[in-house]
There are 2 protein chains.
Amino acid sequence: MVETDEDMRAPATVEEFRLRLAEVLDDLPRRLRQCADYIAANTERIAVSTVAELAAGAEVPPSALMRFCQILGFSGFSEMQRLFRDAYSPGFPDYSTRLKNLRAGEAGSPAALLAEFVEAGRLSLETLAKQADEEALTRAVDILAAAGTLHLVGYRRAFPVSSYLAYVLEKMAVPAMLHGGLGKLEHRHALRPGDAVLAITFAPYSEETIQMAAEASARGLPVVALTDRMTSPLVRHATAILTVPEVDFGAFRSLSATIAMAMALAVAVGTAREVL
Amino acid sequence: MVETDEDMRAPATVEEFRLRLAEVLDDLPRRLRQCADYIAANTERIAVSTVAELAAGAEVPPSALMRFCQILGFSGFSEMQRLFRDAYSPGFPDYSTRLKNLRAGEAGSPAALLAEFVEAGRLSLETLAKQADEEALTRAVDILAAAGTLHLVGYRRAFPVSSYLAYVLEKMAVPAMLHGGLGKLEHRHALRPGDAVLAITFAPYSEETIQMAAEASARGLPVVALTDRMTSPLVRHATAILTVPEVDFGAFRSLSATIAMAMALAVAVGTAREVL
DNA sequence: CTGGGCGTGGAATATTTATTCCACGACGGC
DNA sequence: GCCGTCGTGGAATAAATATTCCACGCCCAG
């Protein structure tokens with residue numbers, strides 16, 4: 001029973017545990033690697049889970065997780081768990097308590113800011129869930145699924161959303177073209193018959209986006225608008241209108257709801273097109 | 001089997017649990033009273049202890065504690081424990097499974113998809129609030145506030161985040177340079193002494209981002225990593241590490257938590273710099 | 001006192017959970 | 001292309017843990 005190249009003693013603190021984890025990470029076979037990843041991402045759950053639960057989370061059989069514990073230097077899962085159970089400090093039982101705690105820090109502290117953004121995002125999502133216009137969404141999907149190339153238009157704050165859409169659509173093999181953002185390039189001539197435009201803008205609305213939408217609608221191309229309210233200047237040019245309620249924190253917008261909407265749109269369009 | 005004067009259903013939340021506890025406290029025989037006292041004082045240990053351990057703590061035999069659980073309305077200790085384990089970290093282990101089914105099941109009406117993305121975002125944000133590392137966040141802010149130009153590195157999925165950061169930082173008059181994303185330009189030579197790098201990447205990690213971080217750290221520049229887990233290859237090059245838990249489904253990631261973190265970072269850095 | 005009900009502890013049992021073990025299969029070196 | 005090694009998953013087993021059950025004794029009412 002030689003201790004080949006493995007460290008014999010088990011980590012005694014959570015910190016040691018992390019180090020050990022990083023240490024072994026590189027040369028680990030597939031399944032054990034999965035364990036390491038999952039455990040690293042969910043360390044806090046070790047204390048309150050069973051082998052079976054963690055193994056399921058990591059998508060490995062329990063025996064793999066068992067071996068993993070041993071490689072880390074523990075005699076088995078129980079020993080590893082004991083480490084985390086002992087170190088278990090009540091943490092923060094539930095979301096609202098924790099949020100209060102974060103906010104309580106001096107105003108403007110990074111943690112307090114984080115709390116505000118998290119809350120803003122959550123509120124936005126909740127509102128979106130309540131008041132989403134399903135009909136408009138379905139219409140938008142139909143339009144985009146039927147079109148040739150999709151033109152994604154979004155400047156400034158909307159650019160992160162449109163660029164993400166471009167990425168996701170590409171993954172789904174949907175032809176899409178990203179306009180706006182960096183190079184201020186004029187792609188107007190790229191609009192071709194059969195194409196559709198997905199225009200994204202929020203107050204204060206960007207002129208370029210509105211013009212693009214206007215141009216497309218003048219040429220008879222369908223325009224899907226993703227914007228903040230029904231009074232948006234985009235509305236007059238749009239064939240389908242999706243509004244997302246976004247709660248701002250100061251001048252800063254969380255984008256959570258917008259991205260959720262954009263993703264739903266993208267995936268729906270992607271699957272609809274696959275079928276065709 | 002009459003339910004004399006006892007409430008039949010078990011508490012469903014920690015709050016309900018506390019109420020129930022206070023409610024029964026008064027008329028309780030000696031041993032059960034001891035249980036109640038001990039449990040009230042050590043509620044947080046329930047999630048990570050065995051019946052025997054808690055019983056020992058309360059100085060009662062296990063069977064007494066057992067009866068106590070039942071009086072509270074639970075079927076037994078296990079059920080009570082489950083309440084606290086779930087409260088500690090809400091189960092999204094089965095979440096990715098849910099999304100898989102959604103795709104496989106061909107179900108996805110656009111509205112259903114939207115609901116899923118909303119839920120994923122909400123979950124991500126809550127988890128972020130619970131397990132954010134305040135210390136690391138503060139460190140990251142200090143580093144970035146003290147630096148010259150900030151280099152934002154994020155390809156693919158991370159690009160929306162870094163581009164949003166670029167936008168916000170510009171608004172706050174913080175000198176920042178956006179790398180990666182579209183033009184595949186090599187900006188490596190742009191790194192200058194006194195600068196700092198904010199690198200963003202998630203599994204599967206993009207090679208370019210890691211190289212950039214490596215380069216910076218080799219030159220002695222501080223690197224802040226915004227990534228998904230502690231096993232990220234970015235970790236070895238980073239001066240400060242921020243991890244965000246994001247419910248993730250192939251290419252479809254809600255990004256809510258990531259953006260919340262990024263925004264908090266940007267605003268904190270912006271205000272810190274103003275003061276200087 | 002004395003009988004009945006209730007609280008009690010501990011021992012027996014059921015159940016869950018961890019851990020070991022081994023046969024199979026892939027992979028790489030010879 | 002064969003053999004040895006190593007990774008793997010699942011089934012068998014061991015251990016821990018929860019849960020039930022019952023006999024005893026205290027206390028109070030009659």
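Quick note on labels: first sequence line is chain A, next is B, and so on, each numbered from 1. These numbers come from a predicted model, not from an experiment.
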Heavy-atom side-chain proximity of B:Phe17 to B:Met80 below 4.5 angstrom = yes
For the pair made of CZ in B:Arg33 and P in C:dT8, what is the distance, rounded to whole Å?
-> 13 Å
Are any non-hydrogen side-chain atoms of B:Asp133 and B:Leu137 less than 4.5 angstrom apart?
-> no
Start and end of the DNA chain D segment that chain B contacts, any atom under 4.0 Å from a heavy atom = D:dT17 to D:dT20
When rounded to whole Å, the CZ to C1' distance for the pair B:Arg85 and C:dT16 reads 11 Å
No-hydrogen, no-angle side-chain donor-acceptor test under 3.5 Å, A:Gln70 and A:Arg67 | no
Looking for any heavy atom pair under 4.0 Å, which part of the strands does B:Glu79 touch: base, sugar-phosphate only, or nothing?
-> nothing
Counting only heavy atoms not in B:Glu135, do more than 12 fall under 6.0 Å of its CD?
-> no
Does B:Arg82 come within less than 4.0 Å of B:Glu79, counting only side-chain N to carboxylate O?
-> no
Phosphate-side-chain proximity, B:Ser78 and C:dT15, N/O vs OP1/OP2 below 4.0 Å = no
Whole-Å distance, B:Gln70 CD to C:dG7 P, equals 14 Å
End-to-end axis angle, where each axis spans five pairs of the helix from C:dC1-D:dG30 to C:dC30-D:dG1, to 10° | 10°
Mind calculating the distance between CD (B:Glu59) and C1' (C:dT8) to the nearest angstrom?
-> 16 Å
Assign B:Arg67 to base, sugar-phosphate, or nothing according to its heavy-atom contacts below 4.0 angstrom with the strands shown.
-> base
Describe the nucleic acid contact of B:Ala64 in one word from base, sugar-phosphate, nothing, applying a heavy-atom distance below 4.0 Å.
-> nothing
Does A:Ser124 use its side chain to pair, donor to acceptor, with the backbone of A:Ser256 at less than 3.5 Å?
-> no
Separation of C:dG7 P from B:Leu65 CG (nearest whole Å) = 17 Å
Going by atom types alone, do A:Tyr38 and A:Arg45 pair a side-chain donor with an acceptor below 3.5 Å?
-> yes
With distance as the sole criterion, is a donor-acceptor pair present between the side chains of B:Ser232 and B:Thr227 under 3.5 Å?
-> yes
Round to the nearest Å and state the distance from B:Phe77 atom CZ to C:dT16 atom P.
-> 15 Å
Quickly work out the A:Leu54 CG to C:dT19 P distance and round it to whole Å.
-> 12 Å
What's the CE-P distance between B:Met66 and C:dT8, to the nearest Å?
-> 16 Å
For B:Arg31 and B:Val60, indicate whether the former's side chain and the latter's backbone hold a donor-acceptor pair under 3.5 Å.
-> no
